[in-house]
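Just below is one structure, and these are the notes that go with it.
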Amino acid sequence: MEQQRYYIYTYGCQMNERDSEIMAGLLEEMGYVAASRPEEADVVIFNTCAIRERAEESVFGEIGRLKAVKEERPHMTIGLAGCMAQEPVTIERIRRHAPHVNFVFGTHNIHELPDILARVRDTDQLVVDVWKSGGDPELLEHLPSRRASGVKAWVNIIYGCDKYCTYCIVPYTRGRERSRRPEAILREVRQLAYQGYKEVTLLGQNVNAYGHDLPEKTDLADLLAAIQKVEGIRWIRYLTSHPWQFTDKLIDTVAENDKVCEHFHLPVQSGNNRILRKMNRHYTREYYLELVEKIRRRVPGASITTDIIVGFPGETEEEFQDTLRLVEEVQFDNAFTFIYSPRPGTPAALWLKKDPTPLEEKKERLQRLNELQYSIQRRNNQRLVGDEVEVLVEGPSKKDAQVYSARTRTHRLVLLPARPGMEGRFARVRITEAQTFYFKGEWLDQPAAAGRPALSLAHEG
Ligand code: SAH
Ligand code: SF4
Ligand code: F3S
């Protein structure tokens, strides 16, 4: 029998990327192998994101495109998973407009994928298996996974989100906060170290909420300090942290544990206190600025990145300018900026009806914000030219195999001349050029014979 192939589309955040790795692991355990293109696959899964309308539209666009492919290959099975699956409107829409989709399963029961596929085989009806809320994190332990990288690994530490920011769909699609047991996390990290992984990124929508729901008294700081002791792991990252409850203990832990990278992703969302309150973010502009100050004092060389929403319902021009002023004041190393997108079922979506600001003006706000942020990045990045830094080499860049991409501890992207053999290794490089979104660098102590890996430079373990 010919080998069955699978293809997974992954949209959205790192938690979805991690879930896709688990889905791939489950499928490979069932005997499937990865297909390089969806057209060649027997099972296609869309692991979707619901954070903004545009993400949802691109999923339906691609599902539509596969309709013709499936007509040619009728045995092809198509499934939808991830955050959109948790929204009842998606299932309605599939029934009406995408009858070639065979199954839908949600964020809480990815471990049931093999059973769901078995059910799909026995029926020509749409199979829907979506749990309303998340089960015990224990259900997700010991699942197989096919990790995308052999060097950097994602590790879930907390599922769900209880913060209920008024614009955000995540609490509805990912359920209540549920922390994994520290011993389960440490077991996974030790296994990763044993397999040769050098970097771990601890994942959660709110990693600094970690532990509050566990019987033992523990938190993210304790977890970071424990992982610091795992031999073999060199760099530790964590995503995403909420500025609220970003404790002094956590800052100290980052400062004191050399494996924990000095990169702080702290989504601010807005620089205006009225808007922050309407967003239910639990902090003020002043608190945020003070937090940034504290971090910079305690962790020299820290990079600070953020997420910002413009055009939140009711945001005035004056209030938007508070965001611009905050951006100027903080001097972020990078910012992910978005126009507010109404999410059905969230409180802010109702307020949009009374919002006098037209979309055109919001687009223009976004552009002004981006221009400011880009000019800040260009100027500050320039200051790093000439610096010698340690990077973890990822390998050939997406655009050009002659160029290797690498990341600094501060998560800056450095492009280097290709050097086979350096993939997955640490190296010292010098920054030679700064652009808005990346740097160019040269290998240090580069031997004259190009193309040979400088093994002596690669620190391992
Ligand atoms: N848990 C993270 C955010 C995850 S979503 C945190 O609280 O920081 C990633 C980013 O998407 C958010 O920080 C926010 O800037 C943006 N976002 C979320 N909902 C949005 C919406 N309805 N419209 C536009 N952007 C949104
Ligand atoms: Fe969404 Fe807020 Fe939770 Fe982040 S903290 S996932 S923005 S509700
Ligand atoms: Fe998107 Fe769900 Fe992540 S909505 S951002 S995939 S948690």
Side-chain angles (χ1 to χ4, degrees), residues 8-20 23 46-56 58-59 80-87 90 106-108 110 134 154 156-177 202-210 238-246 264-271 275-276 278-283 288 291 304-313 315 323 327 332 334-352 355 359 362-363 365-366 369:
I8 303 175
Y9 286 87
T10 308
Y11 299 81
C13 64
Q14 287 79 7
M15 266 141 286
N16 260 16
E17 299 202 18
R18 179 70 193 121
D19 287 351
S20 288
M23 290 176 204
F46 286 84
N47 189 10
T48 62
C49 170
I51 202 85
R52 284 170 291 273
E53 198 175 344
R54 189 181 289 175
E56 302 208 344
S58 59
V59 167
L80 185 141
C83 286
M84 280 170 69
Q86 297 294 136
E87 299 178 291
T90 303
T107 56
H108 300 302
I110 55 177
W154 309 115
N156 286 317
I157 64 165
I158 180 167
Y159 303 101
C161 180
D162 285 352
K163 298 294 173 284
Y164 289 94
C165 302
T166 52
Y167 51 81
C168 185
I169 194 86
V170 171
Y172 309 91
T173 65
R174 293 272 169 172
R176 302 307 303 261
E177 284 170 358
L202 310 183
L203 293 182
Q205 281 298 352
N206 248 304
V207 285
N208 40 343
Y210 177 75
Y238 52 92
L239 263 180
T240 301
S241 46
H242 198 300
W244 183 37
Q245 294 171 335
F246 203 99
F264 296 78
H265 183 64
L266 290 168
V268 67
Q269 315 299 1
S270 165
I275 296 294
L276 286 170
K278 294 288 273 183
M279 286 177 162
N280 196 29
R281 287 294 287 180
H282 297 276
Y283 55 82
Y288 188 90
L291 177 62
I304 299 182
T305 57
T306 201
D307 296 347
I308 296 171
I309 296 174
V310 305
F312 184 79
E315 182 193 66
T323 298
V327 162
F332 290 108
N334 199 356
F336 300 91
T337 56
F338 311 100
I339 294 180
Y340 168 75
S341 173
R343 304 286 67 216
T346 61
L350 301 173
W351 307 335
L352 193 65
D355 187 10
L359 185 60
K362 295 183 179 185
K363 287 185 181 162
R365 280 181 198 170
L366 182 71
L369 172 63

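Both counts, for ligands and for their atoms, begin at 1 and track the order of listing. Hydrogens, waters and symmetry mates play no part in the numbers below; they use all other heavy atoms, side chains included.
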Check whether the side chains of D307 and H265 place a donor and an acceptor atom closer than 3.5 Å, and report yes or no.
yes
For ligand 2, the portion of P171 having any non-hydrogen atom under 4.0 Å away
side chain
For ligand 2, does Y164 get within less than 4.0 Å through its side chain, its backbone, both, or neither, judged by non-hydrogen atoms?
backbone
Heavy-atom contact under 4.0 Å between R174 and ligand 2?
no
Considering only protein heavy atoms, which is closest to atom 1 (Fe) of ligand 2, and at what distance to one decimal place?
C168 SG, 2.3 Å
Around ligand 1, what residues show up once you keep those with a heavy atom under 4.0 Å from it?
I51, R52, Y167, Q205, T240, P267, Q269, R281, D307, I309, F338, I339, Y340, S341, R343
Under 4.0 Å between heavy atoms, the region of I169 that gets near ligand 2 turns out to be neither
Residue-atom pairs from the protein, N, O or S only, that lie under 2.8 Å from atom 1 (Fe) of ligand 3:
C49 SG
As an exercise, identify every atom of ligand 2 less than 4.0 angstrom from a heavy atom of H242.
5 (S)
Numbered atoms and elements of ligand 2 in range of C161, under 4.0 angstrom, heavy atoms:
3 (Fe), 5 (S), 6 (S), 8 (S)
Closest non-hydrogen protein atom to atom 2 (Fe) of ligand 2, residue and atom name please, with distance?
C165 SG, 2.2 Å
Atoms of ligand 3 less than 4.0 Å from Q205 heavy atoms?
3 (Fe), 7 (S)
